[in-house]
J.: 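Right, I'll just put the structure down here and ask away after.
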Amino acid sequence: RVSSDGKPPKFQPPPKPVIIDRKTKKEESRFLSPEFIPPRGRKDPLKYYIERKDMIQRRKVFNIPEFYVGHILAVTTANPLASDKSSRFVGICIQRGGTGLGATFVLRNVIEDQGVEICYELYSPRIQAIEVLKLEKRLDENLMYLRDALPEYSTVDVNMKPVPRMDHEEIPVNKVQVRMKPKPWSKRWERPKYNIKGIKFELPEHKMQAAQKWSQPWLEFDMLREYDTSKIEEKIRKELSEELEK
Amino acid sequence: MMPIWTKSGEKHAVTLLKVQDCHVLRYVSKEESGGKTAKLLVGGKNVSPFSKPESAHEIFREAGVPRKQKVTTFNVTDDAIIKPGTPLYAAHFRPGQFVDVTAKTIGKGFQGVMKRWGFKGQPASHGQTKTHRRPGAISTNQAAKVYRGKKMPGKMGNIYRTSFGLKVWRINTKHDIIYVNGSVPGHTSCLVKVRDSKLPTYKDCNKNPPFPTFFADGDEELPEDLFDEEIFQFTDPSVTFA
């Protein structure tokens with residue numbers, strides 16, 4: 001380039017590289033464990049605040065990982081009757097229930113052709129470790145129908161190695177359609193009240209249509225049943241992040 | 001109600017009771033009341049003074065305290081008399097103590113004999129004519145009358161009942177909350193009377209309680225949470241059996 005006075009051009013530093021940090025985008029859709037959200041009721045919010053303080057205390061000492069229904073977990077609990085004084089159980093999480101300190105989750109596995117379900121309390125002091133072996137969501141939030149499905153869908157290898165996962169990847173949804181044992185089932189899973197999308201119903205057409213008799217299409221428009229948790233969730237997220245940083 | 005775990009890993013259910021604006025209202029001496037001990041009137045939970053006439057506000061005016069929703073009496077010995085107007089806090093109780101909790105049970109309205117008294121009723125089929133939940137016979141032939149107190153349908157609930165011998169597991173001094181073992185009569189957020197247990201097994205149980213009561217302006221500085229020795233505190237690591 002030709003300069004105005006004939007001197008060499010002034011040194012222009014190269015433009016700084018722009019780093020797009022994809023990790024910051026994940027902060028917006030953070031996971032809030034469902035037991036933190038208080039149910040709708042007449043109780044004093046002070047009670048839920050005090051419970052949350054206890055839950056945060058426990059989470060500071062013991063790591064409760066983020067998990068959903070459909071994940072494969074390994075739980076080690078303290079057992080006074082076992083020889084090692086601890087017992088390990090691996091299984092698929094089929095249900096998460098309860099609010100506050102009494103929150104529970106049910107793990108299912110088939111061991112030596114016997115289906116076994118164990119209901120653990122998240123905040124029980126006897127739990128020594130919770131490891132997430134495989135992360136995968138399912139189409140439904142309640143996998144109780146696995147009891148009536150073929151046992152191959154509930155078997156989980158006890159010596160499974162944890163599947164590695166990057167932090168910023170989204171949790172994959174397993175769209176498997178589960179095949180069922182012949183009827184009778186423990187619950188009539190074809191009825192619309194359970195709203196199950198993960199079963200491959202091999203029932204005849206007229207039975208599926210007869211099940212739609214029990215549908216209640218007015219339920220989704222019922223305004224009294226609406227429970228908008230977005231504001232409550234924001235407050236609780238703020239509280240959690242403040243307390244966990246301390 | 002909340003779960004609580006002990007150091008050996010056992011779970012107990014616990015009810016949370018909040019001490020909300022409790023003040024001593026009046027001292028009634030033994031001769032005045034005509035009983036065996038002196039009495040202290042205690043009121044709890046402030047409420048608007050505009051819904052009652054001025055005559056009802058006399059007790060509260062003497063003690064210098066806003067109108068209370070509930071006024072109860074406690075029988076006290078002469079060395080435990082407190083001056084009217086002193087506030088009472090949850091720290092009056094200590095973990096490891098045993099208490100009796102009195103409250104009005106949930107009102108169920110007019111109920112039949114099966115729900116109210118647990119009668120078995122009659123079978124659903126096999127020829128029963130219009131008789132499935134009735135009391136059946138109410139007396140014998142020779143009695144020629146129905147005895148007083150015969151269990152019959154009527155208004156059920158909304159009466160005072162007490163749960164005895166409940167252990168105090170934990171006390172929160174900042175929010176004035178008492179964690180009491182087991183369940184307590186009454187609906188959620190109802191008014192409740194908590195008293196030292198009168199059961200003979202817990203007569204000598206209270207080791208050095210604050211006597212006559214816990215005074216907030218005193219020298220004692222209590223931590224925010226007082227725990228019983230057996231409770232598993234969430235600051236400890238998980239329980240292991242050696």
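Order of the sequence lines fixes the chain letters, A, B, ..., with proteins taken first and strands second; residue numbering starts at 1 for each chain. All values below come from the heavy atoms of this structure, side chains included, with hydrogens, waters and symmetry mates left out. All values reported here derive from a predicted model rather than from experimental measurement.
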J.: Is any side-chain N of the basic residue among D236(B) and R58(A) closer than 4.0 Å to the acidic one's carboxylate O?
T.: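 Salt bridge absent between D236(B) and R58(A).
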J.: Measuring from atom CZ of F241(B) to atom CG of L81(A), what distance do you get when rounded to the nearest 0.5 angstrom?
T.: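 Interatomic distance, F241(B) CZ to L81(A) CG, rounded to 0.5 Å: 9.0 Å.
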J.: Of the listed residues (N79(A), V61(A), I56(A)), which shares the most heavy-atom pairs with chain B below a 4.5 Å separation?
T.: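 Heavy-atom pair counts peak at V61(A).
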J.: How about CZ on R195(B), more than 12 heavy atoms from neighbouring residues, nucleotides or ligands closer than 6.0 Å, or not?
T.: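 Counting neighbours around CZ of R195(B), more than 12 heavy atoms of other residues, nucleotides or ligands fall under 6.0 Å, so yes.
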J.: Among E51(A), K60(A), M55(A), single out the residue with the greatest number of heavy-atom pairs under 4.5 Å to chain B.
T.: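 Most pairs with chain B among the choices: E51(A).
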J.: What part of I177(B) gets closer than 4.5 Å to chain A, counting heavy atoms only: side chain, backbone, both or neither?
T.: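 Side chain of I177(B) only, per the 4.5 Å heavy-atom cut-off to chain A.
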J.: Could you have a look at T235(B), D225(B), L16(B) and say which one has the most heavy-atom pairs with chain A under 4.5 angstrom?
T.: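 Answer, by heavy-atom pair count under 4.5 Å with chain A: T235(B).
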J.: Give a yes or no on this: more than 12 heavy atoms of other residues, nucleotides or ligands lie within 6.0 Å of atom CG of D113(A).
T.: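 Result for CG/D113(A): open.
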J.: Taking the side chain as C-beta and beyond, is there a heavy-atom pair between P237(B) and F62(A) under 4.5 Å?
T.: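 The answer is no; the side chains never approach within 4.5 Å.
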J.: Does K18(B) reach the side chain of L46(A), with side-chain heavy atoms less than 4.5 Å apart?
T.: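 Heavy-atom side-chain distance check passes, below 4.5 Å.
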J.: So for atom NZ, which belongs to K7(B), do other residues, nucleotides or ligands contribute more than 12 heavy atoms lying within a distance under 6.0 Å?
T.: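 Above 12, so yes.
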J.: Could you check whether any side-chain heavy atom of T188(B) comes within less than 4.5 Å of a side-chain heavy atom of D44(A), counting everything from C-beta outward?
T.: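 SC-SC contact between T188(B) and D44(A) ruled out.
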J.: Which one of K43(A), R42(A), R59(A), E121(A) has the most heavy-atom pairs closer than 4.5 Å to chain B?
T.: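 Of the options given, most contacts go to E121(A).
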J.: Identify the two heavy atoms, one from E224(B) and one from K53(A), that lie closest to each other, and give their separation to 0.1 Å.
T.: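 In this case the closest contact between E224(B) and K53(A) is OE2-NZ, 3.0 Å.
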J.: So what's closer than 4.5 Å to chain A heavy atoms on K11(B): side chain, backbone, both or neither?
T.: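 The side chain, not the backbone.
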J.: Locate the shortest heavy-atom distance separating M1(B) from K47(A); write the atom from each residue and the value.
T.: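 What the structure gives for the nearest pair is O-NZ, 3.4 Å.
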J.: Does a sphere of radius 6.0 Å around CZ in R61(B) hold more than 12 heavy atoms from other residues, nucleotides or ligands, not counting ones at 6.0 Å or beyond?
T.: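 Buried by this count: over 12 neighbours within 6.0 Å.
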J.: Is it the case that more than 12 heavy atoms not belonging to R40(A) sit under 6.0 Å from its CZ atom?
T.: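 Result for CZ/R40(A): enclosed.
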J.: To the closest 0.5 Å, what do you measure between CE (M2(B)) and CD1 (I50(A))?
T.: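 That separation rounds to 8.0 Å.
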J.: Select all residues of residues 222-235 of chain A having any heavy atom within less than 4.5 Å of some heavy atom of chain B, and report them by number, or 'none'.
T.: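 Residues of residues 222-235 of chain A touching chain B at under 4.5 Å: none.
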J.: State, to 0.1 Å, how close L101(A) and W5(B) come at their nearest heavy-atom pair, and which atoms those are.
T.: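 Between these two residues, the closest heavy atoms are O-CH2, 3.6 Å.
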J.: Relative to chain B, which segment of Y49(A) carries a heavy atom at a distance below 4.5 Å: side chain, backbone, both, or neither?
T.: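 Just the side chain, heavy atoms under 4.5 Å.
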J.: For a side-chain contact (heavy atoms from CB on, under 4.5 Å) check, start with the C-alpha distance between Q57(A) and Q233(B), then their side-chain angles and the critical distance, and finish with the verdict.
T.: CA-CA 9 Å; Q57(A) 268 295 331; Q233(B) 300 193 26; over 6 Å; no
J.: Are there residues of residues 122-145 of chain A whose heavy atoms fall under 4.5 Å of chain B's heavy atoms? If so, which?
T.: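 Contacts with chain B: Y123(A), S124(A), P125(A), R126(A), I127(A), Q128(A).
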J.: Check whether more than 12 heavy atoms from other residues, nucleotides or ligands sit under 6.0 Å from atom CD of E58(B), and answer yes or no.
T.: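 Counting neighbours around CD of E58(B), 12 or fewer heavy atoms of other residues, nucleotides or ligands fall under 6.0 Å, so no.
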J.: I'd like to know whether NZ of K183(A) has more than 12 heavy-atom contacts from other residues, nucleotides or ligands below 6.0 angstrom.
T.: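 Yes - once you tally the heavy atoms of other residues, nucleotides and ligands closer than 6.0 Å, there are more than 12.
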J.: Within a radius of less than 6.0 Å around NZ of K85(A), do more than 12 heavy atoms belonging to other residues, nucleotides or ligands occur?
T.: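 Yes, because the 6.0 Å sphere around NZ of K85(A) holds more than 12 heavy atoms from other groups.
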